[in-house]
Number of protein chains: 2
Amino acid sequence: MNIGQAAAASGLPAKTIRYYEEIGLIRPMRDTNGYRAFAQADIHKLAFLARSRALGFTIEECRALLGLYEDESRASEDVKRLAQEHLERIDVKIGELRSLRATLGDLVSSCAGDHRPDCPILNDLASGPPARKRR
Amino acid sequence: MNIGQAAAASGLPAKTIRYYEEIGLIRPMRDTNGYRAFAQADIHKLAFLARSRALGFTIEECRALLGLYEDESRASEDVKRLAQEHLERIDVKIGELRSLRATLGDLVSSCAGDHRPDCPILNDLASGPPARKRR
DNA sequence: ATGAGGCTTCCCGTAACGGGAAGGTCAAGC
DNA sequence: GCTTGACCTTCCCGTTACGGGAAGCCTCAT
């Protein structure tokens, strides 16, 4: 299996697969012509990585997860902790975005959005970031 | 006012201020010794930028907003549209994160997290990203 | 033999800065 | 007058996870 087929089978772009090899996430064999030769085990790893990345894990977390995946003597505790930390990061991020969304939503709805220059959005922006706690 | 004071007054790190000058967001004067000399107008712009960035606008959006801010003949419509688009991006992002959070939350709570190797999280990851629609 | 795809490596660009080096400047204290 | 320490300057590298594109080899079908 060369890289095009590995890409189709794993759902990852060829560029990404090459990158994963470069940073040592996978180590496919090489044919005599220099082409990468992917074994089924490689395809499985790639699919694992694709899914992990899709769930938002960073590359380094994926590396750790892959290590745990291949370690028969792992403790599920270690896996869970990684996922838990990621989950918390997501919650923090959601919180930040919701806060942003609220502020921005207020501003947007307070702006007439017509041909006149007066704009509460610009007024808010011009009031700067410090001393911004006046509710 | 040199850069340290401008930083304190605007709430932006000096590094960021230099960067903003480099990409043409501001154009402070220079003293004879080569030090940047910030006028009040520059401080206002910096505060505007700090607030805009804090609201999640990209640098290019900030550039546009700053342009509108300084354009007395602007239409608030243009400002509102920029903010509206940003708002929609935020909503999309929140949606994605919530979806992720749901999936990840299920996985985390399904994992025993003990010393044993069995782990539903790894099982899920190993099932790859394609054909993942089976509810 | 030639053309169309694949494959290879290599290098640049992304967003928005942060860290740190090497060196000039300024105000204060001795 | 000199030194110290706190500023300031420019410059260059590193970050995340790849994507785009060039230059060139391999293979198969016409």
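Since we're looking at a predicted model, the values are computed, not measured. Every chain is numbered from 1 and lettered A, B, ... according to where its sequence line falls, protein lines coming before strand lines.
- Contacts of residues 29-40 of chain A with DNA chain C (heavy atom under 4.0 Å): A:Arg30, A:Gly34, A:Tyr35, A:Arg36.
- Ring orientation note: the planes of B:Phe57 and B:His86 are tilted relative to one another, at an angle of 30° to 60°.
- Both B:Ile59 and A:Ala14 sit near DNA chain C, but only A:Ala14 has its closest nucleotide nearer the 5' end.
- Note on A:Glu77 versus B:Arg116: no salt bridge recorded, every NZ/NE/NH1/NH2 to OD/OE distance being 4.0 Å or above.
- Partners of A:Glu72 under the side chain to side chain donor-acceptor pair (under 3.5 Å) rule, at least two apart in sequence or in another chain, do not exist in this structure.
- A distance-only check finds a donor-acceptor pair linking the side chain of B:Ser109 to the backbone of B:Gly105 [under 3.5 Å].
- Taking 4.5 Å as the limit, some side-chain heavy atom of B:Ile17 sits within range of a side-chain heavy atom of B:Ile26.
- In this structure the side chain of B:Tyr20 reaches within 4.5 angstrom of the side chain of B:Leu49, judged on heavy atoms.
- Contact between B:Leu100 and A:Ala54 at its shortest, heavy atoms only, is CD2-O, 3.4 Å.
- Helix bend of the helix from C:dA1-D:dT30 to C:dC30-D:dG1: the angle between its two end axes, each built from five pairs, comes to 40° after rounding to 10°.
- For B:Arg30, the CZ atom sits in a packed shell: over 12 heavy atoms of surrounding residues, nucleotides or ligands are nearer than 6.0 Å.
- Distance CG (B:Asn2) to C1' (C:dT25): 11 Å, rounded to an integer number of Å.
- Within residues 86-103 of chain A, no residue approaches DNA chain D, by heavy-atom distance under 4.0 Å.
- Counting to the nearest Å, the P atom of C:dG6 and the CD1 atom of A:Ile3 are 13 Å from each other.
- With respect to A:Arg81 and A:Asp78, a salt bridge is recorded, a charged nitrogen being found less than 4.0 Å from a carboxylate O.
- In 5' to 3' order, the nucleotides of DNA chain D bounding all contacts with chain B (an atom under 4.0 Å from a heavy atom) are D:dC7 to D:dC11.
- Although no hydrogens or angles enter the test, the distance criterion places no donor-acceptor pair under 3.5 Å between the side chain of B:Arg101 and the main chain of A:Ile90.
- Salt-bridge check for B:Glu61 with B:Arg89: passed, with a basic side-chain N closer than 4.0 Å to an acidic carboxylate O.
- Here A:Arg36 pairs with A:Glu21 in a salt bridge; the nearest charged N to carboxylate O distance falls below 4.0 Å.
- Non-hydrogen atoms lying under 4.0 Å from DNA chain C are contributed by B:Thr16, B:Tyr19, B:Tyr20, all within residues 16-26 of chain B.
- Between A:Met1 atom CE and C:dG6 atom P the separation is 15 Å, expressed in whole Å.
- Looking at every heavy atom in both residues, A:Ala112 comes nearest to B:Lys80 through O-NZ, 4.1 Å.
- Between A:Ser76 and B:Asp118, the side chains place no donor N or O within less than 3.5 Å of an acceptor N or O (distance only, hydrogens not considered).
- Proximity of A:Leu25 to A:Ile59: side-chain heavy atoms (C-beta onward) are separated by under 4.5 Å at one or more points.
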